[in-house]
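Report on one structure; see the data block that follows.
Every chain is numbered from 1, with letters handed out A, B, ... down the list of sequences.
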Amino acid sequence: MRPFVYEQPADISAAVAIASRFTTNDDQPTRANAQFIAGGTNLADYMKLGVAEPNRLLDLNRLKESGLRQIRVTDDGIRFGALVRMGEAADHAEVKRRYPVIADSLRLAASGQIRNMASLAGNILQRTRCEYFRETSWQCNKRVPGSGCAAMEGFNRQHAVLGGSDACIATYHGDFAQALIALDAVVHAEGSRGARSIPFAKLHRQPGDTPHIETDLAADEIITAIAVPAVPWARRSLYLKIRDRESYAFALASAAVALDLDGETVREARIALGGVATVPWRAGAAEQSLQGKKLDETSAEAAADAAFAQAQPRQHNAFKIELGKRTLVRALLETRDMKA
Amino acid sequence: MSQPSALSTNGLSRRKFMAGTVSAAAAAPLLASRAEAATPVAAEPKLRQPVVTSLRINEQPYELSLDTRTSLLDALRDHAGLTGTKKGCDHGQCGACTVLVDGKRVLSCLSFAVMNEGKDITTVEGLASSDGKLHPMQQAFIDHDAFQCGYCTPGQILSAIGCVNEGHAESENDIREYMSGNICRCAAYPNIVAAILQARDETKGA
Ligand SMILES: Cc1cc2nc3c(=O)[nH]c(=O)nc-3n(C[C@H](O)[C@H](O)[C@H](O)COP(=O)(O)OP(=O)(O)OC[C@H]3O[C@@H](n4cnc5c(N)ncnc54)[C@H](O)[C@@H]3O)c2cc1C
Ligand code: SF4
Ligand code: FES
Ligand code: FES
């Protein structure tokens with residue numbers, strides 16, 4: 001691991017000031033000399049592997065702003081401070097009641113220990129688990145731009161079938177992000193160029209020709225909060241996660257679903273898909289195909305076909321298309337049958 | 001400055017003797033960096049400069065002079081000499097390194113030790129009471145034969161204590177789900193679940 005200087009900025013403006021002193025406008029946050037650390041469950045892992053090489057770590061855990069650690073429920077929705085831990089949000093009574101899809105997505109992620117450590121902002125920024133990205137002896141365009149992609153012809157069973165490019169097909173593995181994109185969440189950030197709000201759907205970048213650019217954030221920007229608008233019918237929502245083992249594993253396919261129903265007819269559907277795409281993935285075509293329809297097995301299957309119409313399988317991951325469809329169909333029917 | 005507890009409080013076990021040696025060896029750079037920190041102009045932190053980190057481990061104060069890259073796990077094992085906490089994968093995937101930090105179960109392999117300044121750490125060495133009576137969770141693991149090789153056991157026990165405290169041991173299914181972060185290569189899982197049920201009932205309301 002590269003040696004690093006460790007600093008504990010006292011507040012957000014101090015953290016931004018140090019970060020902007022040691023980074024440039026062109027730096028990607030994941031490639032900059034100075035990087036933020038929260039729970040460390042993703043960054044420390046990648047530093048040990050030599051994938052992330054900051055020489056300065058700015059620990060966000062001592063920032064004094066108390067809003068960073070709070071979950072606030074109001075008539076406008078719910079606001080999660082960036083440093084709230086996954087476990088706290090998963091166990092929060094109002095989160096469970098108003099947004100089951102959020103609570104499920106967190107409860108089914110990682111492990112009890114990791115959920116105690118990991119922050120919500122760190123969670124949404126977690127980097128891919130692509131095996132060739134993790135092991136530095138392989139070619140990887142995301143880790144070393146222009147070096148090639150070992151996954152294309154390699155063992156790409158866990159890789160993405162949606163949102164990939166010829167440069168990179170790494171899956172975005174987070175679960176929480178699927179609930180957030182389905183519910184039109186907004187991310188609040190503060191950097192040297194001021195504070196701004198980023199629609200969740202604009203936070204992550206598809207790989208295209210530049211897979212090393214992962215998000216819209218600048219290297220000196222700190223996520224301060226994640227806001228989810230009030231969606232009264234989100235009580236009828238859930239997160240279904242399918243994986244190689246029952247627990248403590250990333251999704252092979254998952255679905256975040258929220259339904260506004262009039263009897264069995266869909267007024268509005270929100271659908272996001274995990275484990276199958278390069279970024280958090282809103283399935284707009286599937287949502288539209290359900291609008292105004294009676295939700296039954298047939299319409300659910302049509303929605304699932306629409307969701308995967310553009311899918312591009314590689315040698316070992318074609319199974320994800322069928323698995324992803326079945327996951328979505330089951331999630332839609334289970335959501336319909338919820339008592340909400 | 002507090003003495004590393006391993007020096008003062010222990011008998012002659014090899015493990016504890018080694019702990020004392022390591023801590024004493026760390027004392028010289030420790031004094032130097034303390035003096036620097038006391039100067040009025042806040043010195044720029046430098047690369048490769050050891051950082052003095054104060055931890056309370058099992059209710060004893062420790063001051064360790066550490067490279068910033070040291071994980072909490074390595075600080076416990078190699079610097080404090082507390083080798084009860086085990087290293088399995090060193091990447092967050094097995095749970096062997098589980099300890100309690102401020103009462104919450106975490107993975108010590110994914111935490112840099114310097115981030116834990118001022119925190120209360122509980123390791124398996126700190127569970128028995130001073131008269132040697134085992135913690136109910138330790139006793140339950142013995143009663144139910146909840147291990148074979150024992151390598152995962154310290155992590156299982158600390159994780160189980162955390163799990164019960166979180167209120168996530170309500171049913172056997174709950175226990176399986178919320179203990180999934182602790183892998184047991186010997187697959188003692190059914191016995192581990194039984195042990196946790198017993199200890200949960202014994203410690204309820206305690
Ligand atoms: C074995 C294992 C299994 C896992 N399983 C799952 C799973 O099933 N589902 C799932 O969703 N996740 C899973 N994870 C991933 C885990 O949830 C993430 O590692 C964790 O959420 C990251 O949060 P953190 O606070 O530890 O982030 P850190 O590691 O501290 O940071 C991650 C990144 O975010 C940046 N960052 C952190 N906070 C901020 C901020 N406020 N502003 C700007 N940048 C910031 C850091 O600079 C870094 O680049 C698993 C992890 C492990 C190790
Ligand atoms: S899929 Fe992306 S992350 Fe994986 S090796 Fe290819 S370029 Fe790297
Ligand atoms: S050693 Fe920490 S989880 Fe395996
Ligand atoms: S007892 Fe051997 S690994 Fe669990």
Next item on the list: Would you please classify the geometry between the W138(A) ring and the Y132(A) ring as parallel, tilted or perpendicular, with 30° and 60° separating the classes?
Entry: perpendicular

Pick from [options]: which one has the most heavy-atom pairs with chain A under 4.5 Å?
options                           : result
V101(B), I183(B), V106(B)         : V106(B)
N182(B), L107(B), L158(B), D67(B) : L107(B)
M115(B), Q93(B), R48(B), K104(B)  : M115(B)

Notebook entry, point to check: How about Q70(A) and F80(A): do any of their side-chain heavy atoms sit closer than 4.5 Å?
Noted result: no

Margin query: If the threshold is 4.0 Å, N to carboxylate O, is there a salt bridge linking R157(A) and D244(A)?
Written below: yes

Notebook entry, point to check: Checking L57(A) against chain B: side chain, backbone, both or neither under 4.5 Å from a heavy atom?
Noted result: side chain

Check: Any idea which of I37(A), N55(A), N61(A) has the most non-hydrogen atom pairs under 4.5 angstrom with chain B?
Finding: I37(A)

Notebook entry, point to check: Which one, R62(A), M1(A), Q113(A), leads in non-hydrogen pairs under 4.5 Å with chain B?
Noted result: Q113(A)

Note to self: Using only non-hydrogen atoms and a strict under-4.5 angstrom cutoff, which residues of residues 81-109 of chain A touch chain B?
What the structure shows: D91(A), R107(A)

Item checked: Pairs where residues 32-47 of chain A contributes a residue and the test salt bridge (Lys or Arg N to Asp or Glu O under 4.0 Å) is met, not counting sequence neighbours -> D45(A)-R129(A), D45(A)-R134(A)

Note to self: Within 45 degrees of the ring normal and closer than 6.0 Å to the centroid, is that where the cationic atom of R56(A) sits relative to F22(A)?
What the structure shows: yes

